[in-house]
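Heads up, the thing below is written out as C-alpha cells.
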Amino acid sequence: MSKDNKSGGKTATDPSAKDTHYATLRRAHRDAKRERGEIPTPQPQKRKRGGDDWKPPALAPDQVHLYGLHTVRAALDNPERKKIKLFVTQNALARLEVDVETLGMPFEIVSPQEIDKVLGPEAIHQGVMLETRPLPVRRLEALKESPLLLVLDQVTDPHNVGAIMRSAVAFNAGAVITTQRHSPTESGVLAKSASGALELIPYIQVTNLADALGELHKLGFSTIGLDSEGPAPLEGTFSGEKVALVLGSEGKGLRQKTRETVNALARLDMPGAIKSLNVSNAAAIALYAARLHLKA
C-alpha cells in the first residue's frame, strides 16, 4: 500500500497530475501558434464591477468626491478641507485607521457596490469615499515667499497633473499654477493620481496665464519655459533666488504667448535616442535641477 502524500502535492500516479501536464503542453502549443500568427491573440478583458449603462451622478459646483485610502486619509488630516460625509466599508474603516466618532462629521457604513454606483465601475476606491467642498482659492501674491513654483500651460490629463503635484511636493515647491480652461479641476481622479499631494500644495487656477507670469515677474521670479527646442540646457539657464518652471501641454507644448512671456526658454539635454519625455517626468527632472540651483 502506498503511503499518503502528507505534503499535499500530487503523486506520479495521480490522474490529475497527468491532466495538469497535458494542459501545460496544450497551452505551450497554443502559445507557439499565436507567435507564428496562426491563431489570433485574445483581447484582454477589463474587469467590470458595474453595468455598461452607468452614468455619473450630477455634482454641484461645490461638491467633490474623493476616494482611495491614502487620498481620503490626507483629506481628513487637512484642516483647510471642509468635509461633508464619509462613506466607508467595514473593512476599509479598519484600514483607514481613524476614529470616525471623533471626526465631527457624518459617516455611513456602505457596501463596495454602493460606492461603485457613485464613482463608476472603473474607480479604484478601496472601499472609501469622502464628500467634501473644494479647497479654498489661493492668490498668487500669497506665494512671494516661495523660492520655487511650477506653472502648467494647459496640461489637460488629470493623471499627469496629479503625478506632477506629487513631484512638486517632494521637491518642496510652493504651488502648482495652471489655467482655468483646458486644465483639470479639483476632482476625485486628480486627487487619487496625486495620492495625497492635493492636500499638501496650493493648486491655483488662473484665467490668463500670461498675466499671471507677469505678476510672478513683479514678485521677483525668474520664469523658465521648458521646450525641446530651447536654446540652452536648463541647468545653465537658472538665475536669481526665485524660480518658476513653466511646462506645456502633453501634445502641443508651450503656447506661443507663453513662450513670448517667460524670461527664458530651456531644454532638458537628453543624450539618448528619445528626445522628449512625458510632462510629469520632465517636471520631476526640472524640479530637481531647480533645487540644485537654489541650494548653490
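The analysis underlying the following values was restricted to heavy atoms, covering all of them including side chains, and did not include hydrogens, waters or symmetry mates. Index from 1, following the sequence. Quantities reported herein were computed from a predicted structural model and do not represent experimental measurements.
- Between Arg181 atom CZ and Gln205 atom CD the span is 13.0 Å, to the nearest 0.5 Å.
- In this structure, the side chains of Phe221 and Val243 stay at 4.5 Å or more apart for every pair of heavy atoms.
- Here the side chain of Thr102 pairs a donor or acceptor atom with the backbone of Asp99 at under 3.5 angstrom.
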Verdict with supporting geometry, Asp211 and Val206, side chain to side chain contact (heavy atoms under 4.5 Å, CB included): CA-CA 9 Å; Asp211 290 347; Val206 298; over 6 Å; no
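- No side-chain donor from either of Asn91 and Thr89 sits under 3.5 Å from a side-chain acceptor of the other.
- Atom CD of Glu122 sits about 8.5 Å away from atom CD1 of Ile124, to the nearest 0.5 Å.
- The shortest side-chain heavy-atom distance between Arg166 and Ser195 falls under the 4.5 Å cut-off.
- Follow the hydrophobic side-chain contacts under 4.5 Å out from Phe107 and you reach Leu103 in the same cluster.
- Considering every non-hydrogen atom in both Leu265 and Pro231, the closest pair reads O-CD, 3.3 Å.
- Counting only heavy atoms from C-beta outward, the side chains of Leu143 and Leu219 never approach each other to under 4.5 Å.
- Each of Asn160, Leu226, Asp153, Asp157 was compared with Val279 under the side-chain contact (heavy atoms from CB on, under 4.5 Å) criterion, and only Asn160 meets it.
- For Glu241, the CD atom sits in a loose shell: 12 or fewer heavy atoms of surrounding residues, nucleotides or ligands are nearer than 6.0 Å.
- In this structure, CG on Leu216 lies 6.0 Å from CG on Leu213, to the nearest 0.5 angstrom.
- Of the possible donor and acceptor atoms, none in the side chain of His125 sits under 3.5 Å from a partner among the backbone N and O of Tyr67.
- Side chain of Glu199 to backbone of Gly196: no donor-acceptor contact under 3.5 angstrom is found.
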Full working for side chain to side chain contact (heavy atoms under 4.5 Å, CB included) between Leu96 and Arg73: CA-CA 7 Å; Leu96 198 57; Arg73 277 196 206 101; 3.7 Å; yes
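- Proximity of a side-chain donor or acceptor of Thr237 to a complementary backbone N or O of Pro233 within less than 3.5 Å is detected.
- A heavy-atom distance below 4.5 Å is not found between the side chains of Arg267 and Asp227.
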Without placing hydrogens or testing angles, list every side-chain donor-acceptor pair under 3.5 Å for residues 287-296, not counting sequence neighbours.
residue : atom : partner : partner atom : Å
Arg291  : NE   : Phe171  : O            : 2.7
Arg291  : NH2  : Phe171  : O            : 3.4
Arg291  : NH2  : Asn172  : O            : 2.9
His293  : NE2  : Gly240  : O            : 2.8

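- Residues Phe87 and Leu130 form no side-chain contact, since every pair of their non-hydrogen atoms from C-beta on lies 4.5 Å or further apart.
- The cluster map of Ile, Leu, Val, Met, Phe, Trp and Tyr, joined by side-chain heavy atoms under 4.5 Å apart, puts Leu247 and Leu148 in the same cluster.
- When atom types are taken as modelled, the side chain of Glu131 and the backbone of Lys83 share no donor-acceptor pair closer than 3.5 angstrom.
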Residues Ile224, Val246; criterion side chain to side chain contact (heavy atoms under 4.5 Å, CB included); working and verdict: CA-CA 6 Å; Ile224 303 175; Val246 188; over 6 Å; no
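- Proximity of Lys257 to Leu209: side-chain heavy atoms (C-beta onward) are nowhere separated by under 4.5 Å.
- Inter-residue side-chain proximity for Val151 and Thr258 is flagged as unmet; no heavy-atom pair is nearer than 4.5 Å.
- Minimum interatomic distance between Gly174 and Ser146 (heavy atoms only, all atoms of both residues): CA-OG, 3.6 Å.
- Looking only at distances, a side-chain donor or acceptor of Asn263 sits under 3.5 Å from a matching main-chain atom of Thr223.
- For the residue pair His182/Ser249, the side-chain donor-acceptor check at 3.5 Å is not satisfied.
- Nearest approach of Ala191 to Leu198, heavy atoms of both residues: CB-CD2, 3.7 Å.
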Evaluation steps, side chain to side chain contact (heavy atoms under 4.5 Å, CB included), between Arg259 and Gln256: CA-CA 5 Å; Arg259 293 166 59 90; Gln256 185 61 33; 3.9 Å; yes
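- Side-chain contact between Val88 and Val72: absent, with no pair of heavy atoms (C-beta onward) separated by less than 4.5 Å.
- Judged purely by atom type and a 3.5 angstrom limit, Ser183 uses its side chain to pair as donor or acceptor with the backbone of Thr179.
- Both Val176 and Leu245 sit in one connected hydrophobic cluster of ILVMFWY residues. Membership requires side-chain heavy atoms under 4.5 Å apart, directly or through other members.
- Residues Leu234 and Leu152 share a hydrophobic cluster, clusters being chains of Ile/Leu/Val/Met/Phe/Trp/Tyr side chains in contact below 4.5 Å.
- To the nearest 0.5 Å, atom OG1 of residue Thr178 and atom CD of residue Gln154 are 8.0 Å apart.
- Taking Met270 as the reference, Leu268, Leu277 meet the side-chain contact (heavy atoms from CB on, under 4.5 Å) condition, with sequence neighbours excluded.
- The existence of a salt bridge linking Arg133 and Glu80 is excluded, since no basic side-chain nitrogen approaches an acidic carboxylate oxygen closer than 4.0 Å.
- To the nearest 0.5 Å, atoms NE2 (His65) and NZ (Lys85) are separated by 10.0 Å.
- Atoms NZ and NE2, from Lys242 and His217 in turn, are 13.0 Å apart once rounded to the nearest 0.5 Å.
- At a cut-off of 3.5 Å, with distance as the only test, a side-chain donor of Arg81 or Thr132 sits close to an acceptor on the other residue.
- Between Val161 and Pro184, the closest heavy-atom pair is CG2-CG, 3.6 Å.
- Contact detail for Ser193 and Pro158: the closest heavy-atom pair is CB-O, 3.8 Å.
- A donor-acceptor distance shorter than 3.5 angstrom exists from the side chain of Gln126 to the backbone of Leu69, with no hydrogens or angles considered.
- Summarising the geometry of Leu140 relative to Ala212, their closest heavy-atom pair is CD1-CB, 3.7 Å, with the distance given to 0.1 Å.
- Hydrophobic clustering keeps Val262 apart from Ile164 (ILVMFWY residues linked when any side-chain heavy atoms are closer than 4.5 Å, directly or through intermediates).
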